[in-house]
Trainee: 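The structure follows.
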Amino acid sequence: MSPESVILNYMEVTEMKEFFSNVPKIEYKGKNADSEFAFRYYNPDEVIEGKTMREHLKFALSYWHTMCGDGTDMFGRGTVDKTFGAKSAAKIYENKAYAAFELMNKLDIDYFCFHDRDIAPEGKTLAESNENLEKMTDLIKKLMDENGKKLLWGTANCFNNPRYMHGAGTSPNADVFAYAAAQIKNAIDATIKLGGTGYVFWGGREGYETLLNTDMKLELDNMAYLMRLAVDYARSAGFKGDFYIEPKPKEPTKHQYDFDASTVIGFLKTYGLDKDFKLNIEANHATLAGHTFQHELAVARINGFFGSIDANQGDYLLGWDTDQFPTDVYETTKCMLEVLRAGGFTNGGLNFDAKTRRGSFTPEDIALAYIAGMDSYALGLRLAAKIRKDGRLDDFIKDRYSSYNSKIGKKILTRKTSMAELEKYALGLGEVTTNTSGRQEYLENILNEIMFGI
Ligand code: XUL
Ligand code: CO
């Protein structure tokens with residue numbers, strides 16, 4: 001077999017009407033479903049904690065992975081053909097759009113997310129790129145209206161083109177800063193045109209390789225200024241949605257400035273951008289930063305920056321971003337626990353920033369991957385609600401801090417004490433004899449019992 005024959009070709013028919021012809025409309029069939037093309041746990045209309053699963057989960061398709069990613073890695077070319085049966089660039093991008101809406105319909109996904117260059121090709125000049133974007137957003141807007149689909153968020157790809165080799169807003173080259181600003185302006189216009197409820201800044205190459213050639217302060221100041229310009233422009237153009245920063249610690253640069261949730265919150269506060277931004281937390285970025293996904297979500301929530309989620313998972317043995325579809329139900333459960341604790345999504349949602357493995361190369365694999373991700377999140381939601389209803393874990397935490405409900409503890413909690421009073425109290429204690437067990441293993445067993453108890 002020649003290498004080419006491995007590449008999957010959609011039928012070479014440009015007026016092709018159906019791109020995922022072996023994928024039927026996916027419906028909820030319950031856990032005894034007799035087909036792999038069914039939801040076992042995602043029942044969109046079922047009500048949990050007062051809202052339907054559809055309203056809780058707000059699933060989104062990631063245009064870049066699903067309509068563009070062809071499996072290319074640094075050791076080999078693509079294994080999947082994402083030209084969708086077309087030959088010319090114009091037709092390829094048109095067909096990507098038709099295929100995206102077909103897939104969203106079949107999977108019952110209401111939202112999508114895109115980078116400007118996912119939906120329309122880059123032209124020879126910025127003006128040409130803008131024109132391409134304008135044409136493609138006309139078509140996508142029409143398809144959104146016809147199919148009742150919504151844009152969760154848009155963004156600009158300011159990392160792929162070689163001009164961004166040293167960053168975009170953090171480039172040492174002022175021309176690159178200007179080009180990035182122009183590109184972001186147009187991506188914001190496209191987001192507004194499509195009624196997007198969010199605009200994301202993921203710091204593609206906003207970071208550095210070595211401090212030997214880097215003025216970190218100037219780069220951070222410039223990055224913040226670009227965000228300020230973007231926010232002010234978007235608000236003046238009528239954008240009512242949320243802005244998000246998506247933290248990631250490394251890759252592509254050795255050190256990405258938006259390292260993790262805490263770093264980003266500090267950055268936003270330093271530059272007075274904290275009123276304008278929330279966070280888009282990605283599972284695999286959290287683990288690359290040495291945190292759990294739940295940690296990053298909790299940091300966002302307790303600081304008032306909970307916004308949206310890039311739902312995927314990494315591989316704990318690998319040090320890079322594998323963007324796998326999320327199937328680890330412990331993780332989806334802990335994630336949905338944080339989402340419920342945050343009061344649910346407002347403008348945000350669950351965007352599958354995930355791709356099938358290079359060897360899963362058929363159109364059916366894409367549908368099966370989404371089904372796996374959606375069912376895993378549906379399970380996570382069901383289990384998170386069960387954990388809250390059970391109450392033992394919440395009660396344990398409440399009880400663990402009960403020493404703050406009376407006496408000196410109450411004075412500390414109500415901020416009504418002093419160093420002198422605390423010293424007097426401590427001297428009177430002799431030694432602390434009141435510590436109680438953290439009971440971690442017992443709590444882990446309760447979690448298992450709630451999740452798997454039969
Ligand atoms: C890269 C990543 C991006 C952002 C959008 O790691 O997650 O796809 O989600 O630019
Ligand atoms: Co992402």
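Position 1 is the first residue of the sequence; numbering continues from there. Start at 1 and go down the list; that is how both ligands and their atoms are numbered.
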Trainee: Using side-chain heavy atoms (C-beta onward) and a distance below 4.5 Å, is His255 in contact with Lys250?
Mentor: no
Trainee: When you measure from atom 5 (C) of ligand 1 to every protein heavy atom, which one gives the shortest distance, and what is it?
Mentor: His115 NE2, 3.2 Å
Trainee: Does either side chain, that of Glu27 or that of Tyr42, offer a donor lying less than 3.5 Å from an acceptor on the other one?
Mentor: no
Trainee: Is the contact between Asp321 and ligand 1 made by the side chain, the backbone, both, or neither, using heavy atoms and a 4.0 Å cut-off?
Mentor: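 It is the side chain that touches ligand 1; the backbone stays farther off.
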Trainee: Classify the side-chain pair Asp221/Tyr271 by whether it contains a donor and acceptor separated by less than 3.5 Å.
Mentor: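 Their side chains do contain a donor-acceptor pair, which is all the 3.5 Å distance test asks for.
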Trainee: Would you verify whether the NZ or CZ of Arg382 falls within 45 degrees of the ring axis of Tyr41 while also being under 6.0 Å from that six-membered ring's centre?
Mentor: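 So Arg382 doesn't make the cation-pi contact.
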Trainee: Is there a polar contact, in the sense of an N or O pair closer than 3.5 Å, between Trp202 and ligand 1?
Mentor: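 Not met; the criterion fails.
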Trainee: Looking at Asp323, Asp353, Asn351, which hits side-chain hydrogen bond (donor to acceptor under 3.5 Å, both in side chains) with Asn312?
Mentor: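 Only one of Asp323, Asp353, Asn351 forms a side-chain hydrogen bond (donor to acceptor under 3.5 Å, both in side chains) with Asn312, namely Asp323.
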Trainee: Which residue, Phe325, Phe352, Tyr111, Phe345, forms the ring pair (Phe, Tyr, Trp, His ring centres under 6.0 Å) with Phe59?
Mentor: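 Result: among Phe325, Phe352, Tyr111, Phe345, Phe352 is the only option passing the ring pair (Phe, Tyr, Trp, His ring centres under 6.0 Å) with Phe59.
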Trainee: Which atom, among the N/O/S set of Glu282, is closest to the Co ion (ligand 2)?
Mentor: OE1
Trainee: Would the number of heavy atoms belonging to other residues, nucleotides or ligands and lying under 6.0 Å from NZ of Lys106 be above 12?
Mentor: yes
Trainee: Considering both backbone and side-chain atoms of Asp323, is one of its nitrogen or oxygen atoms within less than 3.5 Å of a nitrogen or oxygen in ligand 1?
Mentor: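 No - when backbone and side-chain N and O of Asp323 are compared with those of ligand 1, no distance drops under 3.5 Å.
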Trainee: Check the side chains of Asp81 and Thr83 for a donor-acceptor pair under 3.5 angstrom, ignoring hydrogens and angles.
Mentor: yes
Trainee: Atoms of ligand 1 less than 4.0 Å from Lys248 heavy atoms?
Mentor: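 With Lys248 as reference, the close atoms of ligand 1 come out as 6 (O).
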Trainee: Report yes if some N/O of Trp153 lies less than 3.5 Å from some N/O of ligand 1; otherwise report no.
Mentor: no
Trainee: Taking the non-hydrogen atoms of His285, is any one of them nearer than 4.0 angstrom to ligand 1?
Mentor: yes
Trainee: Measure the distances from the heavy atoms of Asp310 to every atom of ligand 1 and state whether one is below 4.0 angstrom.
Mentor: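 Yes; Asp310 lies near enough to ligand 1 that a heavy-atom distance drops under 4.0 Å.
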Trainee: Can you give me the OD2-the Co ion (ligand 2)-OD2 angle for Asp310 and Asp353, to 10°?
Mentor: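 Value returned, to the nearest 10°, is 90°.
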Trainee: Nearest N/O/S atom of Glu246 with respect to the Co ion (ligand 2), by atom name, please.
Mentor: OE2
